[in-house]
Amino acid sequence: MTFKKRVLLVVKKIPRGKVLTYQNVARKAGFPRAYRAVGNILNKNFDPAIPCHRVVGSDGSLRGFNRGLAQKKKLLKKEGIDLKKSGELICEMARKKMH
DNA sequence: TAGCTGACGCAAA
DNA sequence: ATTTGCGCCAGCT
């Protein structure tokens, strides 16, 4: 339950125009190996206050969306995020982590 | 309480 | 490059 809350909070905290991977979200939540549960939680928890569309796969690809992938793509595009952009963002954060 | 599921991720073939 | 299999964790039935 705590984990769930943490995950939702992290997702809510994702700034506009940015995307995070499930893995990243889990890591921020404090459970780096629970990226599985992250998707599960988002799936069951239908909350418009949570920009689940900013959560993408490790390669920046969209995995799923409660309202349909089409809507998700639209939202991301509206925020200036493209499939390539998400990939770059992920790469960037990965590089930052490595440093 | 125990088992199954899933919006994942990575390695191997 | 693409597909298949396995490992992982929390949530749900």
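Chain identifiers are assigned alphabetically (A, B, ...) following the order of the sequence lines, protein sequences preceding nucleic acid strands; residue numbering begins at 1 within each chain. It should be emphasised that the depicted structure is a prediction, and the values quoted were computed from it without experimental measurement.
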From C-beta outward on [X], which listed nucleotide comes closest to its side chain: [options]?
X       : options               : answer
A:Asn43 : B:dC10, C:dC12, B:dA7 : B:dA7
A:Lys4  : B:dA7, C:dC8, C:dG11  : C:dG11
A:Arg63 : B:dG9, B:dT5, C:dC9   : B:dG9

Rounded to the nearest Å, what distance is computed from the [atom1] atom of residue [X] to the [atom2] atom of nucleotide [N]?
X       : N      : atom1 : atom2 : answer
A:Arg67 : B:dA7  : CZ    : C1'   : 15 Å
A:Asn24 : B:dG9  : CG    : C1'   : 13 Å
A:Ile90 : B:dG9  : CD1   : C1'   : 12 Å
A:Asp47 : C:dG11 : CG    : P     : 16 Å
A:Lys28 : C:dC9  : NZ    : P     : 21 Å
A:Tyr35 : B:dG6  : OH    : P     : 17 Å
A:Phe31 : C:dC9  : CZ    : C1'   : 9 Å
A:Leu20 : B:dG9  : CG    : P     : 12 Å

Under 4.0 Å, counting only non-hydrogen atoms across every strand here, what does [X] touch: a base, just sugar-phosphate, or nothing?
X       : answer
A:Tyr22 : base
A:Phe3  : sugar-phosphate
A:Asn66 : base
A:Ala37 : base

Worksheet item: From A:Glu79 CD over to A:Lys18 NZ, what is the distance, rounded to the nearest 0.5 angstrom?
Response: 12.5 Å
Discussion item. Quick check for you: to the nearest 0.5 Å, what is the distance between A:Phe3 atom CZ and A:Leu8 atom CG?
Written reply: 9.5 Å
So, the side chain of [X] versus the backbone of [Y]: is there a donor-acceptor pair under 3.5 Å, distance only?
X       : Y       : result
A:Asn45 : A:Asp47 : no
A:Lys72 : A:Val55 : yes
A:Ser86 : A:Gly60 : yes

Worksheet item: Within less than 4.0 Å of OP1 or OP2 of B:dC10, is there a side-chain N or O belonging to A:Ser58?
Response: yes
Discussion item. I'd like to know if A:Arg36 reaches the base of C:dG7 with its side chain such that a donor and an acceptor end up less than 3.5 angstrom apart.
Written reply: yes
Worksheet item: Mapping A:Asn45 and A:Arg33 onto DNA chain C by nearest heavy atom, which one lands closer to the 5' end?
Response: A:Arg33
